[in-house]
Amino acid sequence: MKVTLESSDGQVFTVDKEVAELSVIIKEMLVIEQANQDHPIPLLNVGAVELAKVIEYCEHHRNDPTIDDDEDYDSRKKPIEMDDWDKQFTIVNKEMMFELILAANSMQVKPLLHLGCRYAADIVKRMSPTEIRDLFQIDDDFTPEEQDKIEWEKQWTKL
Amino acid sequence: SKLYFGQTHRLHFNHSVASSDSDNNKLKMNHSPIHIPELVEGIGEYLEQVDLARCAQVCKSWQEVFSPVLYRDFGNRVYRDFGNRMTLWSGVQRFSCHIRSLIVVVSDFPTQAQLGPECRYLTKLALKPPPDAYQPLLWCTRLRDVIDCNPSINAFQIHLNNRFDQTLFREQNILRRMPALKELVIVNDHYPDTTNPESNGVFEAILECGPRLESLRYHIFADGLASEDPSTNINNDALPLWPRLSSLDIDDVDGRGMVLLKRCPNLKQFKTSADYFCYRLDDYRALQPVSQHFISGDGDFSLLEHLELSCLQDPWASHALDDLLQIRNRSSNLKTLKLNIWSISTTMIDILTTRHGTFLEKLDLNVSEGISTHNLGLLLTKCRQLIHMKVYVRNGEAGLQELDEFSPWICIDLQSFHLKFRSRSIDDLMDMMTSFFGVTGFNHVTAESVACISPERFWIQIGALKNLRALHLDTEPKTPPFTKALSIEHKDIEHLCGLRRLLKLVIPLDQEFISNDVKENLQLRRPHLQINHTHR
């Protein structure tokens with residue numbers, strides 16, 4: 001069975017139902033709107049470019065076992081397995097990847113969300129606050145006194 | 001907390017956004033996952049505390065979103081620098097409302113004032129009072145205050161320490177002060193428990209809070225001497241059952257261990273892993289009460305999913321184990337079995353495959369005496385659900401037997417396979433390797449007989465395990481015959497590259513085993529394959 005999805009900029013995509021159902025939101029929508037499947041499902045926060053990528057991801061992972069989200073955070077902390085395909089998939093520019101994380105979040109595609117978070121974590125890992133500020137173009141809004149205080153408060157992390 | 005369409009919450013940042021489309025390295029600030037607290041938490045899962053601390057230093061908004069993740073697990077590792085001791089708790093009070101898990105190993109326990117009044121949401125408390133703590137009584141009193149302020153604590157972990165135990169367990173009754181307690185860990189890693197255990201009140205405290213517990217780990221280096229065993233004074237029938245307890249981990253099945261085991265009718269996980277220090281010559285006898293308990297019908301084995309038994313070094317122990325694994329007239333749900341034993345008898349293999357073969361997913365065998373290829377083959381072909389298998393043969397003498405019948409290799413789900421040998425003789429090893437992989441490689445090569453498989457075919461056999469995700473080949477350091485005989489040549493790479501799911505390869509990375517040339521080639525062909533060195 002096929003379902004149609006509409007991106008925020010009006011582009012329509014037709015995908016297999018089981019592929020679309022990797023998105024928790026779409027799965028719930030399909031249950032609610034069972035009778036009304038002629039209309040495409042509107043995705044107000046997801047642009048066509050991102051939606052195409054999300055669908056590409058779901059197509060590849062359609063047969064994966066679902067992630068159990070009820071597990072406690074200790075077990076979530078262990079790194080998820082990335083296969084070759086996933087690694088290739090994340091070779092895009094940062095902006096695109098961040099857009100994808102937002103899309104995965106608004107559509108609730110859990111495995112893609114985890115993949116994206118890991119990608120984002122890899123970027124900021126080992127970066128100094130100054131480098132992060134530079135990358136995200138953030139102004140330092142701490143006073144020098146506050147910075148000193150934070151430095152003092154954070155000492156335990158360096159033990 | 002799910003986010004629905006149009007409801008995506010984004011934090012608003014006050015900083016200006018410079019638009020520089022020409023610079024691709026810079027990101028447009030209004031479109032980044034850093035705006036959504038749920039995602040920050042997700043990103044935080046993959047960051048170390050040092051990284052989290054740096055992120056919290058970026059700006060005020062980042063401090064707001066990263067601090068809860070940073071302070072969630074507030075613990076200090078081994079900490080000895082006296083000069084810095086005062087700064088350890090400095091500034092914590094500002095963020096202590098975020099602390100969920102608190103670990104204290106330092107000599108001075110923080111006062112309520114140091115932790116701040118907002119430290120009220122702890123769920124986990126782990127303690128290791130150091131032997132050099134200068135004021136045990138003060139330490140204990142401060143701890144009690146923290147416990148009283150945090151009724152939500154559900155996991156408590158403590159390392160016993162002669163100077164604290166009596167105050168904490170008998171006088172202050174700390175376990176009773178934790179109404180939500182579900183997971184309890186009591187470990188003694190200082191010395192064998194030779195003091196009279198009745199005096200410190202630890203065991204009594206456990207018995208009292210038992211009915212509330214879901215998981216208990218009790219490792220006390222008991223020396224098992226009956227005269228000092230408080231369980232001799234305990235009337236088993238007078239104690240209530242603990243139906244909630246599903247996971248029990250005890251270091252020895254002495255009298256105390258048996259009292260605990262008999263309380264648990266609904267065990268899902270049972271571990272007993274006596275440490276080397278409490279190794280006793282007659283430990284096979286120690287296992288007998290356990291098997292009797294399960295066989296007699298008092299214990300319900302049918303819920304058990306995880307069984308871990310070790311330190312059964314006496315050959316006689318395997319008889320008790322045979323009994324234990326029988327579970328007469330009961331169905332088995334055993335998924336994980338870890339055994340550290342002297343040897344595996346054919347009876348045991350038989351019991352394992354017929355009684356538990358249906359559900360077994362993880363098998364971890366650590367045996368002293370050689371293990372017969374026939375037996376391993378039987379395990380691998382009859383336990384159809386196996387996902388992980390780890391075999392460590394300590395003496396490495398392969399008890400080779402002729403295989404009289406061949407079953408096709410059917411553990412198609414096998415994802416990780418770990419084989420470790422300590423062998424002095426290359427012949428032994430090669431016989432073992434070739435025969436073993438001869439059996440396991442059968443999913444594609446069905447017509448071969450074991451005798452035909454030569455060492456050169458080793459990588460071909462490996463190449464047939466199409467679902468393999470991790471391959472770990474190990475041997476004692478400096479056994480060149482192994483590395484030479486199984487070395488990876490250019491022609492072997494083909495077989496390795498055919499394993500599409502292989503993500504991790506752990507091999508001896510010396511020139512004898514794999515030349516730089518071959519390694520480079522392999523890495524070129526499979527850029528994402530992680531290759532690690534076995535011995536450090």
Side-chain angles (χ1 to χ4, degrees), chain A residues 24-25 28-29 42-45 73 76-77 79 81-84 87-88 93-95 97-99 101-102 105-108 113-114 116-122 124-130 132-142 146-147 149-159, chain B residues 2-6 8 13-18 20 24-29 31-34 36 38-39 42-63 70 74 76-77 79 81 84 87-92 94-95 469 500-501 503 526-528:
Chain A
V24 177
I25 296 293
E28 283 173 10
M29 298 268 286
L43 298 163
L44 302 177
N45 288 327
Y73 71 84
R76 266 196 286 138
K77 207 156 190 171
E81 250 177 53
M82 271 170 92
D83 60 21
D84 290 357
K87 282 178 186 166
Q88 284 294 327
N93 64 40
K94 292 189 187 89
E95 270 182 62
M97 198 60 205
F98 286 174
E99 289 291 348
I101 300 173
L102 292 172
N105 184 49
S106 67
M107 291 173 72
Q108 288 288 301
L113 199 54
H114 286 291
C117 285
R118 184 172 162 174
Y119 175 90
D122 281 343
V124 294
K125 213 173 263 182
R126 284 179 290 279
M127 267 190 169
S128 74
T130 320
I132 298 175
R133 270 182 225 121
D134 207 36
L135 174 74
F136 290 95
Q137 302 202 21
I138 301 170
D139 289 334
D140 183 359
D141 51 4
F142 290 119
E146 281 173 327
Q147 277 291 4
K149 193 178 171 196
I150 293 168
E151 195 61 51
W152 178 69
E153 281 168 355
K154 296 288 181 290
Q155 284 187 62
W156 64 275
T157 58
K158 292 167 192 158
L159 296 174
Chain B
K2 280 174 191 163
L3 295 172
Y4 289 92
F5 297 110
T8 315
F13 287 72
N14 294 326
H15 41 68
S16 57
V17 178
S20 55
N24 278 334
N25 279 331
K26 308 233 166 172
L27 295 157
K28 290 188 199 108
M29 201 46 218
H31 248 24
S32 119
I34 300 294
I36 301 173
E38 286 87 346
L39 291 183
I43 294 167
E45 300 288 346
Y46 296 101
L47 290 174
E48 300 291 322
Q49 273 171 335
V50 190
D51 297 313
L52 289 169
R54 285 199 205 105
C55 286
Q57 251 173 298
V58 168
C59 66
K60 284 181 177 164
S61 324
W62 280 46
Q63 184 181 42
L70 173 61
F74 189 81
N76 39 348
R77 279 150 277 177
Y79 187 76
D81 186 358
N84 279 332
T87 60
L88 177 64
W89 306 105
S90 60
V92 175
R94 208 148 74 89
F95 302 97
R469 299 203 181 184
R500 289 266 159 240
R501 293 182 175 205
L503 291 172
R526 292 290 309 273
H528 302 301

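Side-chain atoms are counted along with the backbone in the values below, which use heavy atoms only and exclude waters and symmetry mates. Each chain gets a letter, A, B and so on, in the order the sequences are listed, and its residues count up from 1.
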Q: Given that the side chain runs from C-beta out, which part of A:Asn93 has a heavy atom under 4.5 Å from chain B: side chain, backbone, both or neither?
A: neither
Q: So how far is it from A:Ile138 CD1 to B:Lys60 NZ, rounded to the nearest 0.5 Å?
A: 14.5 Å
Q: Just wondering, are more than 12 heavy atoms of other shown residues or ligands nearer than 6.0 Å to CD in A:Glu146?
A: yes
Q: Looking at CD of B:Gln57 and CD of A:Gln147, how far apart are the two atoms once the value is rounded to the nearest 0.5 Å?
A: 5.5 Å
Q: Can you tell me which portion of B:Gln63 sits under 4.5 Å from chain A's heavy atoms? Options are side chain, backbone, both or neither.
A: side chain
Q: Excluding sequence neighbours, so at least two apart, what forms ring-ring contact (aromatic ring centres under 6.0 Å, His included) with A:Tyr119?
A: none
Q: Can you measure from CD1 (A:Ile150) to CZ (B:Arg54) and round to the nearest 0.5 angstrom?
A: 14.5 Å
Q: List the atom of B:Leu47, the atom of A:Ala121, and the distance in Å for their closest heavy-atom pair.
A: CD2-O, 3.5 Å
Q: Determine the option with the most heavy-atom pairs under 4.5 angstrom with chain A, choosing from B:Asp51, B:Val58, B:Leu52.
A: B:Val58
